[in-house]
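All remarks here apply to the structure that follows.
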Amino acid sequence: MLTEFFQYLFSGITVGATYAMAALGFTLIYNASNVINFAQGEFIMLGGMLAVLFTQAGLPLPVAVLLAVVVPTLVGVLVEKSVIEPVKGADTVNIIIITIGASLVIRGLVQVTLGKNARALPAFSGEAPVTLLGAVLPSQSLWVIGVTALVVAGLWFFFNRTMGGKAMLATAINRTAAQLVGINTAWVLTLSFALSAGLGALGGVLVTPITLTAYDAGIMLGLKGFVAAVVGGLGNGMGALVGGLLVGVLEAMGAGYLSSAYKDAVPFVLILLILFFMPRGLFSAKTTERV
Amino acid sequence: MRDPRHLGLAVLAAVLAVLPFVLPNSFYLDLAIRMAINAIVVLGLNLLIGFAGQISFGHAGFLGIGAYASAVLPTHYGVHPMLALGAGAAAAGALAAAVSYPIFKLKGHYLAMATLGLGIILNIAFRNEAALTGGPDGMPVPSLELFSFTLSSDRDWYWVVAALLVVSVWASLNLIDSPFGRALRALHGSEVASKVVGVDIARYKMAIFVMSAVFASIMGSITAHYVGFVTPTVSEFFHSIELVTMVVVGGMASVFGSLVGAVLLTALPQILATFEGWETVAFGAILILFMIVLPRGLVPTLAARLGKGG
Amino acid sequence: MALLDIHDLSIAFGGVKALQHVSFSIDSGIVYSVIGPNGAGKTTLFNLITGVYTPTSGEIRLDGAAIHGRPPNELARRGMARTFQNLQICLNMTALENVMVGAHLRLDRNLVKAALRWPSIRRRDADLRDEAAELMRFVGLDRYTRARADSMPYGALKRLEIARALAMKPRILFLDEPAAGLNPTETLEIDALIRKVAATGVTVVLVEHDMKMVMSLSDRILVLDYGRKLAEGTAAEVRQDANVIAAYLGAHA
């Protein structure tokens with residue numbers, strides 16, 4: 001009984017860590033620009049696919065991983081510079097359609113160049129599983145959870161201890177005020193796209209040895225990342241982290257105890273329930289409209 | 001003083017009346033039918049998004065309800081197809097009504113998230129209930145009988161769908177220019193101002209959401225009968241996005257924009273099919289380009305150029 | 001009996017007490033003004049009375065019936081109309097349609113009849129168009145009867161809000177800073193318009209910073225300061241009130 005529970009819990013945390021990284025990506029961009037980037041899932045896919053491509057090309061794993069994170073980061077910057085910057089201040093729906101257009105372009109290019117087949121990536125430290133509290137999990141899980149923890153710590157340091165991070169926070173809180181004190185908010189937006197593309201790709205690289213990947217894997221991953229970002233209230237970094245883990249764990253529990261066919265529905269049922277009772281997510285304060 | 005929009009209606013009716021006689025072959029007739037079906041769905045969606053200002057990223061879910069009602073009820077339970085169509089519309093309307101109160105307290109991205117989630121849950125259900133729906137492979141749909149007359153040829157279908165389109169455009173034009181429609185547009189313009197003049201905004205949002213869901217469900221049924229087969233792709237997230245894109249490309253809060261958007265984006269994949277493999281890339285690039293160059297949509301932009309109102 | 005009775009009204013946002021224990025009453029047919037420095041709670045008071053906010057405690061009675069906590073659309077039904085300090089015009093509609101929306105509750109709002117172009121609805125709408133144009137002339141917007149709202153200047157939009165409110169045929173009309181942002185000529189015109197409205201028998205409640213206008217126009221004045229009632233009375237009484245001179249007028253002298 002308990003073993004089963006831990007089994008689901010750990011596999012949930014593993015996937016949840018990927019969702020959390022995607023959710024952090026949504027949060028970064030949302031804070032910098034009020035944009036929801038529906039192309040976020042494609043960066044996750046891109047990370048996994050490129051890692052497969054580079055390792056198969058014979059590059060050593062660390063180099064392949066590094067490249068598989070750097071390239072999507074550059075793609076993120078490219079997306080921001082080429083299609084997001086020109087429409088600054090456009091309607092929400094228009095920007096959502098633009099980011100969906102960008103996701104179609106990325107997905108289409110991967111499909112044309114790398115094909116439609118699912119790809120596998122070898123685990124970073126061998127295929128031997130690890131046993132923890134009776135639960136058997138792939139060693140790659142430890143990589144996913146460990147690196148996510150490092151990333152979260154790194155982000156915390158970045159936002160609390162460096163000028164760049166503080167500039168991003170200031171922009172999120174009040175863009176005009178940030179501009180007045182000399183923060184280059186255009187640069188902040190570019191940086192937010194770079195960071196969130198990089199985060200998504202890293203999550204994709206790490207989880208691919210467990211889940212496989214394919215050109216269309218980004219759709220669901222991106223949508224679930226969006227769910228995770230909304231769980232705690234959009235724009236809330238801690239909320240994104242908790243949201244990601246919560247979505248991952250509930251999904252694993254749902255698949256284990258209820259129905260594996262409806263595993264993908266769990267995050268969406270969760271978010272509907274949350275929004276019905278807390279219209280601005282779990283951690284948001286009540287606001288009053290001024291008229 | 002004749003309203004230019006009713007002139008537009010007359011032109012539409014005239015074009016639809018001659019179209020089947022000038023189309024070169026059945027491929028184009030089929031395309032015209034699918035354009036008209038999409039146009040009706042987009043018309044309903046534009047009332048919700050463009051006029052009332054409430055986004056829905058889950059409308060394909062309602063199409064799915066209609067399509068599967070028309071497939072499952074006659075096949076498994078021997079229900080008459082017309083009755084099944086009605087049952088689907090009623091179910092879609094009931095679901096929309098049930099969720100509308102909590103959903104429309106949400107705004108912006110939260111509303112986008114909730115409607116998106118609703119659509120995806122429906123899609124997953126259609127995909128998974130294989131015993132009833134045939135699962136990912138889909139299932140055949142029996143043909144539609146209208147008062148002992150069975151719709152079979154594309155010509156028959158064309159006239160049915162064209163008539164529905166003209167009636168829908170007429171009704172939409174009437175609706176937006178009525179006390180109901182003004183209240184709807186007012187709550188888009190300012191929720192607090194419309195509350196203060198007496199508009200019960202929750203009820204109006206519910207009414208238009210239910211109406212657009214019923215539109216979508218009926219057209220889902222019609223698509224299913226016309227194609228003769230239904231798969232879960234009808235209710236996919238991407239289809240919801242396509243419908244919203246049709247609204248935006250044609251023009252928010254523009255009845256004729258809905259038609260233009262539906263016609264263009266139904267034709268686009270056909271044109272792009274010649275690119276063999278590159279169609280997804282091209283489709284995405286065109287969407288982006290459109291949003292950058294014509295953010296207000298085709299019809300409102302053209303109308304502004306010609307110096308006339310919507 | 002007073003038309004509007006406010007008793008011990010308070011509201012707090014989080015820890016901020018925006019309005020504390022305010023009581024006053026407004027008789028039918030008068031012009032009643034609420035004044036006070038920025039942040040005194042004037043707009044908050046309007047938002048409470050018109051149902052946009054719900055009071056933390058206290059009572060609001062219209063014609064003796066308790067109305068606090070009732071939604072704005074129900075208060076509209078009881079004859080309450082208002083304008084807004086920050087314009088709430090529907091810029092997606094024409095000017096005339098904005099006024100027509102004011103008549104919402106007096107119309108047949110049936111969806112099905114509307115979609116079917118029901119003759120009674122068309123006829124009523126045609127009449128309403130004339131009525132709305134007449135109202136626009138009444139508030140001095142003759143030249144904008146065919147304009148789109150988003151093409152009108154700020155001053156005209158302030159009057160358009162008044163026309164929309166009048167289309168409700170209200171018994172009591174709340175005007176939130178109708179002269180704010182207007183030049184002296186426009187302010188005089190608004191002054192004259194308010195007198196015209198009051199002369200039709202509508203009770204007018206006014207929040208305004210222009211002291212000249214308030215003093216000459218008002219039958220009674222309520223002075224708020226930091227969310228509390230400082231004084232209440234006729235213009236002459238308020239002007240001589242020691243508290244008011246110290247806390248408010250004194251600051252300007």
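In this text, all values refer to a predicted model and were calculated from it rather than measured experimentally. Below, chain A is the first sequence line, B the second, and so on; all start at residue 1.
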For the student: nearest non-hydrogen atoms of [X] and [Y], plus distance:
X        : Y        : result
C:His104 : B:Pro179 : ND1-O, 4.4 Å
C:Ala114 : B:Ser178 : CB-OG, 3.2 Å
B:Ala207 : C:Leu111 : CB-CD1, 4.1 Å
B:Val192 : C:Val52  : CG2-CG2, 4.0 Å
B:Ala193 : C:Arg164 : CB-NH2, 3.5 Å
C:Asn92  : B:Arg185 : ND2-O, 2.9 Å

Return yes when atom [atom1] of [X] has more than 12 non-hydrogen atoms of other residues, nucleotides or ligands closer than 6.0 Å, and no otherwise.
X        : atom1 : answer
C:Trp118 : CH2   : no
C:Tyr154 : OH    : yes
C:His68  : NE2   : yes

Distance in Å, C:Arg117 CZ paired with B:His6 NE2, rounded so as to fall on 0.5 Å steps: 4.5 Å
Side-chain heavy-atom pair B:Phe180, C:Lys113 within 4.5 angstrom cut-off: no
Heavy-atom check, side chain of C:Arg122 versus side chain of B:Asp177, under 4.5 Å: yes
Which of C:Arg77, C:Met80, C:Met100 touches chain B most, by non-hydrogen pairs under 4.5 Å: C:Met100
Top contributor to chain B interface from C:Pro72, C:Ala76, C:Cys90, C:Ala115 [non-hydrogen pairs under 4.5 Å]: C:Ala115
Salt bridge B:Arg182-C:Asp125, side-chain N to carboxylate O under 4.0 Å: yes
Flag, side chain of B:Asp200 to backbone of C:Asn73, donor-acceptor distance under 3.5 Å: no
Closest-packed option against chain C by number of heavy-atom pairs under 4.5 Å, given B:Ala183, B:Gly189, B:Ser194, B:Ser172: B:Gly189
C:Leu116 portion near chain B, given a 4.5 angstrom heavy-atom threshold: both
Interface moiety of C:Asp108 toward chain B, non-hydrogen atoms closer than 4.5 Å: backbone
